[in-house]
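Because only heavy atoms are used, hydrogens play no part in the values below, and waters and symmetry mates are left out as well, while side chains stay in. Position 1 is the first residue of the sequence, and the numbers go up from there.
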Amino acid sequence: MIEIELDGKKVHATEGSMIMHAAEQAGTYIPHFCYHKKLSIAASCRMCLVDVEKMPKPMPACATPVAQGMIVRTKSDKAIKAQKSVMEFLLINHPLDCPICDQGGECQLQDLAVGYGGTKSRYEEEKRVVAHKDVGPLISMEEMSRCIHCTRCVRFGQEIAGVMELGMSHRGEHAEIETFLGQSIDSELSGNMIDICPVGALTSKPFRYSARTWELSRRKSISPHDSTGANLIVQVKNNKVMRVVPLENEDVNECWIADRDRFSYEALNSDERLTTPMLKQGGVWKEVDWQTALEYVANGLKQIKADHGAASLGALLSPHSTVEELHLATNLMRGLGSDNVDHRLRHAEFPAFAGVRWLGTSIASLSNLDRALIIGSNIRKDHPLFAQRIRQAIRKGAVVHTLGDSIDAINNIAPQEISTPATAIIDAYNAWQSKLAEIASAIASALNKEAPFVTTSISNEAKTIASSLLSGERKAILLGNLAAHHSNASSLLSLANWIGLHTGASVGYLTEAANTVGAQWVGAQPMKDGLNASQMLQSSNPSLKAVLMLNNEPEFDSAVGKRAKDALTHAQMVVSLNPFKANMDVCDVMLPIAPFTETSGSFVNAEGRLQSFHAVVKPLGETRPAWKVLRVLANMLNVHGFDFESSQDVLKQLQAQHADIQTAVNCSLSNLADAKAQTSNSNMAPVTASIYQLDGIVRRAKALQATADAKMHTLANQEVRA
């Protein structure tokens, strides 16, 4: 550690750190624009000039290393004069359009101009004008005349997003930030550029001109999409969600969120929202009150149970539902005597419950890995925030290997300027088991141990990966969505566990949905002889007479796809609990339940972290929280144990004998493989959702569906149909 004097105080700083870092540690604010704690140092704006004793001129705090005995003054006349001079230059060409700027009220330039700007400008020439640019449906670059060339957006793309989509062309007054060759900004993390822009040059296109920042209420929430569990701030006006931005949490999402976390809110206010209960009578949908709808469902379930037995009832649950909703839906079915409950709609193999599958390590540890083997994951699209953490590890020297069926699974994990000596094995999904066995055999050979599987030959790629995993200290084997949905998922996990045991690597699943871990924890899958999701969605299974669907659309959310309709049409009664007008062609009752913004609840992310949240707006129309709907339905069916007054009461029941709810979750985490697993179809390719088809909310967000990723999914579907 080095000791310096900062504004008369003694401050200890790490050797090699900058004055800016020491100031942050001491709680001293130094004005800046180009500096960002998560980005490399550019020192381009010069706003952070400070007075360093024995230096002939002011020095940039972000790019001046600390030295023993250094004396720094951030508020001396020399420093203030330098900072004001820089501000004058920055404002020379900046347009005077604060009244119409979306950044007004939360603009870094606006805030600092109050303290460091002059009362008038000495610049009399015409201000420069930068042409508008169209870079896609998410980011607006129509006011690039405001840009101060801090290059935060450029560095973000290169260092965090992993693809340099923006760059600076020309020099001096003619310099511009732009995409080249008319391309759009297509990164799955692109919306973070809006947050880090210190002026109003980059703004949100869906939010543009819809509200002023001081009109918005800010409320905390948790992302309902992938398994990161990103912390959010949902901004509300007149009981309507207007914008979503990140809430900083270093252990989970740092200060970033994925675009589907940021822009999916559009669906919450869409015309597809279901706002009142509906019954299908004579093929025609009619709006009814809650009492009528719930009585219809309760009487129907009672009659079907009496006629065909409890085994004729089943529930298909979404892993994007909250812990409380899944627990109550599961208990409702079991209270009626049925074990036909499952959340694993996209799976091809259904092992007996042997513990809750999870990441196997902390999310934060992904940033500091030395070695990693990723199996069956296009991690960039499946888990954007995990991918950026692994990208940071690669920047520090980590080597990441992959086993998958497409080069897309490994493309652009690392920034373009970094050449990583990683090895990829690209092969058909049905060859993954043998390829993983080759890696295990290579490790066994190096350690003089018996291999778990006998292999006739070992490829050079397998030997390279084995050698890599045997080196390094911090290692992880990560199974992605394709591996979890694989018809030989248990075998892949068993081999991964063997490799992890003999190399010292953690083993875990990236897990697909916001609450995949929570769904397992509450037992939302058959525990005895119940039907799994695949069996319930087989049209050849006539035993299922009543189906309860919670927050899902089997056509899009299951492995069987459109064939799910055939199975559901055989049932006597299909009930859909959904925030949207979904499943209309196969169900008989639609009950409007609240999305995550209109209900309280909890999600358990990939690392097993339980995070609770409250409703940020009132339910739309006659919408009700799903946990309340299930509670009332259970009471009408005379199922005991549903006397809850709040979602917190449901968690207390789940806490059981443990000291706290998080301990209760931690005690169930396990990635042990189960040898006795049911495989629905050994020849079926593993099914995963594309980045903007993951759940019903994302599928209905207009801006996200206009992105390049969404259009590629649509084009692929058209080619399949053709």
Side-chain angles (χ1 to χ4, degrees), residues 33 36-39 101-111 135-141 143 146 150 152-153 156-157 160-161 185 187-226 228-269 384-385 388-389 514 595-598 603 605 611 613-617 692 697-698 701-704 707:
F33 292 112
H36 189 281
K37 63 182 180 181
K38 295 290 183 181
L39 302 176
C101 178
D102 262 0
Q103 196 89 343
E106 54 186 10
C107 174
Q108 200 171 338
L109 179 64
Q110 191 178 59
D111 293 342
V135 293
L138 304 181
I139 297 177
S140 172
M141 292 182 71
E143 282 88 15
R146 301 170 184 161
C150 69
R152 278 186 179 184
C153 55
F156 172 84
I160 306 299
I185 298 176
S187 161
E188 57 283 342
L189 298 173
S190 65
N192 293 290
M193 294 180 183
I194 299 167
D195 293 335
I196 63 175
C197 180
V199 297
L202 303 180
T203 54
S204 169
K205 190 171 281 189
F207 175 73
R208 185 175 166 81
Y209 296 150
S210 60
R212 309 301 307 205
T213 180
W214 53 84
E215 300 175 314
L216 303 174
S217 299
R218 289 158 174 78
R219 293 152 191 178
K220 298 177 182 179
S221 191
I222 304 296
S223 168
H225 305 305
D226 65 40
T228 308
N231 289 209
L232 311 176
I233 294 178
V234 181
Q235 301 184 346
V236 176
K237 177 185 177 184
N238 296 332
N239 201 48
K240 182 179 178 181
V241 176
M242 304 299 293
R243 185 166 61 170
V244 176
V245 296
L247 173 63
E248 185 171 350
N249 186 330
E250 277 297 312
D251 293 332
V252 181
N253 55 297
E254 299 176 274
C255 56
W256 317 118
I257 54 174
D259 285 351
R260 62 184 169 204
D261 300 329
R262 183 183 301 272
F263 297 106
S264 63
Y265 73 88
E266 284 187 298
L268 303 174
N269 307 314
L385 293 173
Q388 80 83 17
R389 280 194 180 271
F596 77 107
T597 51
E598 298 170 18
F603 293 131
N605 69 1
Q611 301 180 104
F613 55 92
H614 297 286
V616 299
V617 292
Y692 298 133
I697 298 178
V698 168
K702 290 182 179 179
L704 292 178
T707 60

Item checked: Flag side-chain contact, heavy atom, 4.5 Å: I185 against L138 -> no
Notebook entry, point to check: Which heavy-atom pair separates I139 from S190 by the least distance, and what is that distance?
Noted result: CD1-O, 3.4 Å
Notebook entry, point to check: Is a side-chain N or O of R219 found less than 3.5 angstrom from the main chain of V234, in a donor-acceptor match?
Noted result: no
Item checked: Student check: side-chain heavy atoms of M242 and L216 closer than 4.5 Å -> yes
Check: For the side chain of N231 and the backbone of N249, is there at least one donor-acceptor N/O pair under 3.5 Å apart?
Finding: no
Note to self: Tell me if a side-chain donor or acceptor on Q103 pairs with a main-chain N or O of C197 at a distance below 3.5 Å.
What the structure shows: yes
Checklist line | Any residue meeting side chain to side chain donor-acceptor pair (under 3.5 Å) with K38, in chain and number order, not counting sequence neighbours | finding: E250, E254
Next item on the list: Could you check T228 against N253 for side-chain hydrogen bond (donor to acceptor under 3.5 Å, both in side chains), going step by step and ending with a plain yes or no?
Entry: CA-CA 7 Å; T228 308; N253 55 297; over 6 Å; no
Check: Hey, what do you get for NZ (K237) to OG (S210), rounding to the nearest 0.5 Å?
Finding: 7.5 Å
Next item on the list: Spell out, as yes or no, whether a donor-acceptor pair under 3.5 Å connects the side chain of N192 to the backbone of A258.
Entry: no
Notebook entry, point to check: Sequence neighbours excluded, which residues qualify as side chain to side chain donor-acceptor pair (under 3.5 Å) partners of R152?
Noted result: none
Next item on the list: Tell me, please, which residues at least two apart from P206 pass side-chain contact (heavy atoms from CB on, under 4.5 Å).
Entry: S204, F263, Y265, E266, A703
Margin query: Please enumerate all residues that pass ring pair (Phe, Tyr, Trp, His ring centres under 6.0 Å) together with F603, with sequence neighbours excluded.
Written below: F613
Item checked: Heavy-atom closest contact (A701 atom, S264 atom, distance) -> CB-CA, 3.7 Å
Next item on the list: Could you pull out all residues at least two apart from K220 that satisfy side-chain contact (heavy atoms from CB on, under 4.5 Å)?
Entry: L247
Checklist line | Side-chain donor/acceptor of Q235 to backbone N/O of V244, under 3.5 Å | finding: no
Next item on the list: Scan for salt bridge (charged side-chain N to carboxylate O under 4.0 Å, His left out) pairs involving residues 195-207, sequence neighbours excluded, and state none if there are none.
Entry: D134-K205, D195-R262
Notebook entry, point to check: Is a donor on one side and an acceptor on the other found under 3.5 Å between the side chain of R218 and the backbone of I233?
Noted result: no
Next item on the list: Using a 4.5 Å cut-off on heavy atoms from C-beta on, say whether the side chain of P246 contacts that of C255.
Entry: no
Item checked: salt bridge (Lys or Arg N to Asp or Glu O under 4.0 Å) between R212 and E106, intermediate numbers included -> CA-CA 10 Å; R212 309 301 307 205; E106 54 186 10; over 6 Å; no
Next item on the list: Compare every heavy atom of A230 with every heavy atom of L385, then report the nearest pair and how far apart it is.
Entry: CD1-CB, 4.1 Å
Margin query: When you compare the side chain of D226 with that of P384, does any pair of heavy atoms fall below 4.5 Å?
Written below: yes
Next item on the list: Supply the atom-to-atom distance D261 CG to E188 CD, rounded to the nearest 0.5 angstrom.
Entry: 12.0 Å
Check: Would you say Q611's side chain and G229's backbone share a donor-acceptor pair under 3.5 angstrom?
Finding: yes
